[in-house]
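See below for the structure under consideration.
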Number of protein chains: 2
Amino acid sequence: MTTTVEQLPLAEALVRLSHRVQQVFAEVSRRHDLTPQQAQLLCRLAAGPVGMSDLTRWLALEKSSLTGLVDRAQRRGLVVRIPHETDRRAFQIALTDAGAARAEATHRAVIAQLDALLTTVSPAHREQLSTLITDSILDTPR
Amino acid sequence: MTTTVEQLPLAEALVRLSHRVQQVFAEVSRRHDLTPQQAQLLCRLAAGPVGMSDLTRWLALEKSSLTGLVDRAQRRGLVVRIPHETDRRAFQIALTDAGAARAEATHRAVIAQLDALLTTVSPAHREQLSTLITDSILDTPR
DNA sequence: TATTGTTATACTCTATAACTATA
DNA sequence: TATAGTTATAGAGTATAACAATA
């Protein structure tokens with residue numbers, strides 16, 4: 001069942017790939033009772049608390065948008081605001097235990113679902129792809 | 001200025017890549033006075049009119065969500081509803097001239113912006129990447 | 001004065017459920 | 001009855017602008 005997609009320019013292929021991955025991400029998030037944005041927020045926090053101001057950069061959101069996103073996640077018991085130790089204007093956002101569990105489960109499910117899509121890719125090609133993507137594209141901070 | 005991203009599992013790399021591409025897509029759409037969803041809709045229509053019902057599948061939206069999206073795009077003069085020739089319940093959605101121009105310009109800008117991110121990738125690697133993505137991943141219809 | 005974050009406001013996007021019109 | 005699409009409703013996500021508190 002090969003649907004013959006003709007060879008695409010790289011940028012073109014990336015856009016399509018990206019939309020596909022987003023659909024998977026959205027579908028999995030939904031199954032875990034999270035919006036994609038909430039899921040993305042939780043995943044960003046999995047490695048440890050992050051300041052609001054850093055979060056706006058990672059998520060590419062205006063600060064007021066982030067306020068709302070964090071509000072809703074906090075209301076749902078997924079994250080908490082921790083006062084900064086010295087700067088009394090600032091907060092760190094941290095996962096609650098429930099939030100950490102949800103982040104972990106959602107993350108695992110996204111990976112599993114994507115891996116299911118990737119079964120046709122040989123180990124050698126997976127390695128190649130991963131290396132190319134990691135080194136060439138993600139290595140541009142922003 | 002190499003930020004040393006450690007080697008990631010493929011699925012992991014795809015998720016990060018995808019978020020990065022989405023940010024570029026959103027930023028470019030915005031510069032062209034479109035929401036990302038509107039831009040995606042217009043791009044889907046660039047090849048010719050599409051039925052509402054097909055669109056819900058391509059965009060992975062509920063039909064009522066699509067109604068709203070099309071409403072707003074139509075109100076902005078970007079698309080029109082064309083009655084189906086035989087089935088009087090159905091519509092084809094088509095770009096207006098203005099919509100086609102906007103789709104074209106936005107699409108070009110997205111590609112250009114991504115290409116700018118890809119300058120560090122050698123032609124050989126671009127070819128490789130493109131082939132891998134096209135053949136292995138996008139070739140799974142849905 | 002500059003920075004951190006919130007509030008107020010207005011849209012857009014999305015889903016669910018109920019509905020209309022046509023097949 | 002089934003399908004194509006809309007309407008009603010509610011909530012989430014987003015940006016802009018104005019604001020408060022702290023640095």
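Chain identifiers are assigned alphabetically (A, B, ...) following the order of the sequence lines, protein sequences preceding nucleic acid strands; residue numbering begins at 1 within each chain.
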Just the rounded figure in Å: distance from [atom2] of [N] to [atom1] of [X].
X       : N      : atom1 : atom2 : answer
A/Phe91 : C/dT6  : CZ    : C1'   : 9 Å
A/Leu34 : C/dT14 : CG    : P     : 17 Å
B/Met52 : C/dT22 : CE    : C1'   : 16 Å
A/Gln40 : D/dA12 : CD    : C1'   : 15 Å
A/Leu55 : C/dT6  : CG    : C1'   : 16 Å
B/Asp71 : D/dA8  : CG    : P     : 12 Å
B/Arg75 : C/dC11 : CZ    : C1'   : 10 Å
B/Leu66 : D/dT7  : CG    : P     : 13 Å

Between A/Val15, A/Leu117, A/Leu114, which is the residue that forms a side chain to side chain contact (heavy atoms under 4.5 Å, CB included) with A/Arg20? A/Leu117

Applying side chain to side chain contact (heavy atoms under 4.5 Å, CB included), name anything that partners B/Pro9, two or more places apart in sequence or on another chain.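 Here the qualifying residues are B/Glu12.
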
Presence of salt bridge, A/Asp54 and A/Arg44, under 4.0 angstrom: no

Under-4.0 Å salt bridge between A/Arg108 and A/Asp115: no

Sugar-phosphate or base contact per nucleotide [nucleotides 13-23 of chain D; S, B, -; heavy atom under 4.0 Å]: BBBBB---BBS

Testing the basics here: between B/Asp33 and B/Arg102, what is the closest heavy-atom pair and its distance to 0.1 Å? O-NH1, 3.5 Å

Any B/Val50 side-chain heavy atom under 4.5 Å of B/Gln92 side chain: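 The answer is no; the side chains never approach within 4.5 Å.
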
Student check: side-chain heavy atoms of B/Leu14 and A/Leu118 closer than 4.5 Å: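 SC-SC contact between B/Leu14 and A/Leu118 confirmed.
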
Bend across the helix from C/dT1-D/dA23 to C/dA23-D/dT1, to 10°, with axes taken over 5 pairs at each end? 10°

For A/Arg72 and A/Gln38, which I'm curious about, is there any donor-acceptor pair between the side chains at under 3.5 Å? no

Can you see if the side chain of A/Arg81 gets near the phosphate of C/dT6 - specifically, an N or O under 4.0 Å from OP1 or OP2? yes

Could you tell me whether the side chain of B/Thr119 and the main chain of B/Ala116 form a donor-acceptor pair under 3.5 Å?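 The answer is yes, because a donor-acceptor pair under 3.5 Å joins these two groups.
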
